[in-house]
Trainee: 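Here you go, one structure.
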Amino acid sequence: MKSSRVIIIIVLLLLVFGGFSGWQYAHRRIYRELQAVERVMGTHPDSALSLLRKISSPDRLHGRNRAYYALLLTQAYYKNYLPVTDDSLIRIAADYYASGSDSLRKSQSYFYLAQVYRDLGDRRRSLDCFHRAGLSAEGCRDYKYLGLLYYHWGCLLQEEKPYSEGLSKFWISDFYKRLLGDTASRVYSLTEMGWSYILLEKYDSAYHCLSEGLELENRYDRNPYKLSVLHHRLAICYYLNGKYREALYHLNKETWEEGSAPRRRADLMKGRSFAGLQQLDSARYYIERIRQEDDLDAMLEYNLMSSRLCRQEGDFRQALAYHEQYSLYVDSLTHRRENERVMQWQKKYDYSLVRNENMRLKTESQQKDIVTLVCIIVLLLLVPFLYAVYLRFKRRKESFLRRQHQLMEANIQSLQAKDSELLRIRQELASKERKWRESVFLSDPLVKHIDTFVQLSLLDKDRLSSSYKLSRADWDHLISLLNSCHNNYVSRLQSEFPGLKEIEISICCLLRMHIKNRDICYLLGISDDALKKRKYRIKTDKLHLRDAEISLEDFLCSY
């Protein structure tokens, strides 16, 4: 019993160890797959997204793998320019890494959470997450990520108009990019630094940053988009500084497509620059190019610049008409912005509802997980208890069955002894009964009469045979006596062998009494040959005794 219990416990421990080892192996395998995805994220983000989507049952991931997967998937969405509509995914990574020691991934999770909040229009939360990402990145040596973090942080601060704070983040971003030697990324930082200096009205610093960025771009990459942005901002810098010809020089370097929004902004800047040079016809030409009836911003700028040109030309009546149109467009634009603000608040409200619903579902899921875990723990605790109860019940049942078996063996032995005693008594009774019946049979006068005849000599038998011949009444009495003393001997013969005649029954009775053939002939008054024929007929035809080894006398005596 003890050995079987030890074997069961060892098997259970092996099963638990095997299951845990299998789970650990699967956990490490998925983690290695995620690391491979991270390695290709920087160069082939589309392949990284495809690999992430091939991971089976990502909703069943948990712990480190779940947070790692959420971080990489959010990163893949942003690198492939796919929209992220809520923070439920990246929040998994942020909550997991918040209490961990992995500073890089903790910072990355806050960084992408800040990106999500920025896209959702929640600037306050976005700035808070950027601040947490910056604090978490202290001591980090991934200069590429640090440059990206401070660049986007500076862009958000620039949009919120603390220009000096945004400028400081751009300087930090440019510092890490210079350490890394990433010239292409430095151009972006220098472009935004120049724009921040323009907003701070520090045109010399702006000119220095933008010129350095333009020089780097012309030397290494020569990307048309980045070159156009740099020329446009240099043009703004010169225009605000009153250098209209230099502004026109850089505006002519821009390569925007006709009809695009950047092209209209360039044409507007050209119109302003020509107006500053008092070249009103050229200014009018470029102002007319920005006119777009379906674009409020374009019509607003068009009417404002047209009013200024008319004032410069001395046509104050037309200038007033353009200014009135400008006022109407200002009202329309204000109304549109109010509507956009209301829609933005509605979007935030809808987002809060969705987030609350997600939190409720997450809470319910956690409660279900807790209940499931408790059930599993209770089940694991119940298994040994139930097994102990089963063993105790089994031992009791075995003990009860053993006692029952012992009692049955004792009863069987007692019954066997009683059967033996009963058999002995029956045998004694049968023997006594047989002796009694034999004594009764031998004490009968007719039997004694026959015995007396058998004891006579041959001469006496020949002389007295007629006096000893049995009558009909004697035969009836003898048959009745044989039935009484020998278990219905004659009745059984007649029942089983109905073909026996009366004389044949008489022969059978005398043979049963062990009377010799010669004496039977005297008692029946028949010859010896007739007796032999009768006996043969009885044996073969009536009793059907075909076996030569069995005599008629033996059969009748044992019947």
Trainee: Rounded to the nearest 0.5 Å, how far does CZ of R91 lie from CG of D86?
Mentor: 11.5 Å
Trainee: Within a reach of under 6.0 Å around CD of Q278, are more than 12 heavy atoms found that belong to other residues, nucleotides or ligands?
Mentor: yes
Trainee: What do the steps show when you test L34 against I55 for side chain to side chain contact (heavy atoms under 4.5 Å, CB included), and what is the final call?
Mentor: CA-CA 9 Å; L34 294 175; I55 294 178; 3.6 Å; yes
Trainee: Of all residues at least two apart in sequence or in a different chain, which pass the side-chain hydrogen bond (donor to acceptor under 3.5 Å, both in side chains) check with S228?
Mentor: T255
Trainee: Going by salt bridge (Lys or Arg N to Asp or Glu O under 4.0 Å), E301 matches just one of R272, R308, R291, R289. Which one?
Mentor: R272
Trainee: I'd like to check I287 versus L309 (side-chain heavy atoms, cut-off strictly below 4.5 Å). Are they in contact?
Mentor: yes
Trainee: List the atom of A283, the atom of G271, and the distance in Å for their closest heavy-atom pair.
Mentor: CB-O, 3.4 Å
Trainee: Could you walk me through whether S306 and R284 pass the side chain to side chain contact (heavy atoms under 4.5 Å, CB included) check?
Mentor: CA-CA 8 Å; S306 296; R284 174 70 65 184; 3.6 Å; yes
Trainee: Strictly below 4.0 Å, N to O, side chains only: are E33 and R29 in salt-bridge contact?
Mentor: yes
Trainee: Mind checking the NZ-OG spacing from K144 to S185? Nearest 0.5 Å is all I need.
Mentor: 7.0 Å
Trainee: Among residues at least two apart in sequence or on other chains, which ones pass ring pair (Phe, Tyr, Trp, His ring centres under 6.0 Å) with Y188?
Mentor: none
Trainee: Atom CG of L251 and atom CG of L234: how far apart are they, to the nearest 0.5 Å?
Mentor: 10.0 Å
Trainee: Mind running side-chain hydrogen bond (donor to acceptor under 3.5 Å, both in side chains) on D87 and Y117 for me, showing each step along the way?
Mentor: CA-CA 8 Å; D87 65 340; Y117 285 138; 2.9 Å; yes
Trainee: Run the side-chain hydrogen bond (donor to acceptor under 3.5 Å, both in side chains) test on Y97 and S136 for me, step by step, so that the C-alpha distance in whole Å, both residues' side-chain angles and the decisive distance to 0.1 Å come before the verdict.
Mentor: CA-CA 10 Å; Y97 291 117; S136 303; over 6 Å; no
Trainee: How far apart are the closest heavy atoms of S109 and I90, and which atoms are they?
Mentor: O-CG1, 3.6 Å
Trainee: Angle class for the F274/Y286 ring planes (parallel below 30°, perpendicular above 60°, tilted otherwise)?
Mentor: parallel
Trainee: Whether the H232 and E254 side chains hold a donor-acceptor pair (N or O, under 3.5 Å, no angle test) is what I'd like checked.
Mentor: yes
Trainee: Is there a donor-acceptor contact under 3.5 Å from the side chain of S307 to the main chain of N303?
Mentor: no
Trainee: Using residues 318-325 as the side-chain source, report each donor-acceptor pair under 3.5 Å to any protein atom, sequence neighbours left out, with the distance given to one decimal.
Mentor:
none

Trainee: Apply the test side chain to side chain contact (heavy atoms under 4.5 Å, CB included) to residues L227 and K253: give CA-CA distance (whole Å), side-chain angles for both, the deciding distance (0.1 Å), then the verdict.
Mentor: CA-CA 8 Å; L227 288 172; K253 292 288 186 179; over 6 Å; no
Trainee: Which salt bridge (charged side-chain N to carboxylate O under 4.0 Å, His left out) pairs, counting each pair once, include a residue from residues 373-392, with sequence neighbours left out?
Mentor: none
Trainee: Checking ring-ring contact (aromatic ring centres under 6.0 Å, His included) for the pair Y244/Y239: CA distance, chi angles, key distance, verdict?
Mentor: CA-CA 5 Å; Y244 303 119; Y239 173 81; 5.5 Å; yes
Trainee: Under a 3.5 Å threshold, yes or no: a donor from one side chain and an acceptor from the other, between Y145 and S107?
Mentor: yes
Trainee: When rounded to the nearest 0.5 angstrom, what distance separates OG in S103 from NZ in K106?
Mentor: 8.5 Å
Trainee: How long is the straight-line distance from OG1 of T372 back to NZ of K368, given to the nearest 0.5 Å?
Mentor: 9.0 Å
Trainee: Both conditions, 6.0 Å and 45 degrees, for the charged tip of R66 above the ring of Y96: are they met here?
Mentor: no
Trainee: Do V187 and D221 come within less than 4.5 Å of each other through their side chains, counting heavy atoms only?
Mentor: no
Trainee: By ring pair (Phe, Tyr, Trp, His ring centres under 6.0 Å), which residues pair with Y143, not counting sequence neighbours?
Mentor: Y176
Trainee: Quick one: does E257's side chain get under 4.5 Å of P262's, heavy atoms only?
Mentor: no
Trainee: Can you name the closest pair of heavy atoms from A206 and G194 and give their distance?
Mentor: CB-O, 3.3 Å
Trainee: Going by an N to O cut-off under 4.0 Å, is there a salt bridge joining R233 and E192?
Mentor: yes
Trainee: Parallel, tilted or perpendicular: which fits the ring planes of W256 and Y225, with parallel below 30° and perpendicular above 60°?
Mentor: perpendicular
Trainee: Pair R124, D128 - check salt bridge (Lys or Arg N to Asp or Glu O under 4.0 Å), show working.
Mentor: CA-CA 6 Å; R124 182 184 61 81; D128 180 63; over 6 Å; no
Trainee: Going by an N to O cut-off under 4.0 Å, is there a salt bridge joining R402 and E398?
Mentor: no
Trainee: Just to verify, what does R265 make a side-chain hydrogen bond (donor to acceptor under 3.5 Å, both in side chains) with, not counting sequence neighbours?
Mentor: none
Trainee: How long is the gap from CG on D142 to CG on L146, to the nearest 0.5 Å?
Mentor: 6.5 Å
Trainee: Test salt bridge (Lys or Arg N to Asp or Glu O under 4.0 Å) on R123 and E159; report intermediate values, then the result.
Mentor: CA-CA 10 Å; R123 303 297 180 87; E159 293 174 5; 3.1 Å; yes
Trainee: In terms of heavy-atom contacts, does OH of Y249 have more than 12 from other residues, nucleotides or ligands at under 6.0 Å?
Mentor: no
Trainee: Side-chain polar contacts of residues 37-47 - donor-acceptor pairs under 3.5 angstrom, sequence neighbours left out - could you list them?
Mentor:
unit_1	atom_1	unit_2	atom_2	d
E38	OE1	Y68	OH	2.2
E38	OE1	R105	NH2	3.4

Trainee: Side-chain polar contacts of residues 163-171 - donor-acceptor pairs under 3.5 angstrom, sequence neighbours left out - could you list them?
Mentor:
unit_1	atom_1	unit_2	atom_2	d
S168	OG	E165	O	2.5
W171	NE1	Y197	OH	3.1

Trainee: Salt bridge check: are R178 and D174 linked by an N-O gap of less than 4.0 Å?
Mentor: yes
Trainee: Indicate yes or no for a side-chain donor-acceptor contact from N80 to the backbone of A76 under 3.5 Å, with no hydrogens or angles considered.
Mentor: yes
Trainee: Is there any salt bridge (charged side-chain N to carboxylate O under 4.0 Å, His left out) pair reaching into residues 199-210, and which pairs are they, with sequence neighbours excluded?
Mentor: none
Trainee: Can you name the side-chain hydrogen bond (donor to acceptor under 3.5 Å, both in side chains) partners of Y78, sequence neighbours left out?
Mentor: D119
Trainee: So that I know where these two stand, are Y110 and F130 an aromatic pair - ring centroids less than 6.0 Å apart?
Mentor: no
Trainee: Side-chain donor-acceptor pairs under 3.5 Å in residues 208-217, sequence neighbours left out?
Mentor:
unit_1	atom_1	unit_2	atom_2	d
S211	OG	Y207	O	2.7
E212	OE2	R186	NH2	3.0
E215	OE2	R219	NH2	2.6
E217	OE1	K226	NZ	3.3
E217	OE2	R222	N	3.2
E217	OE2	N223	N	2.7

Trainee: Could you work out, with ring pair (Phe, Tyr, Trp, His ring centres under 6.0 Å) as the rule, every residue matching Y77, not counting sequence neighbours?
Mentor: none
Trainee: Verify the ring-centre separation between F111 and H152: is it less than 6.0 angstrom?
Mentor: yes
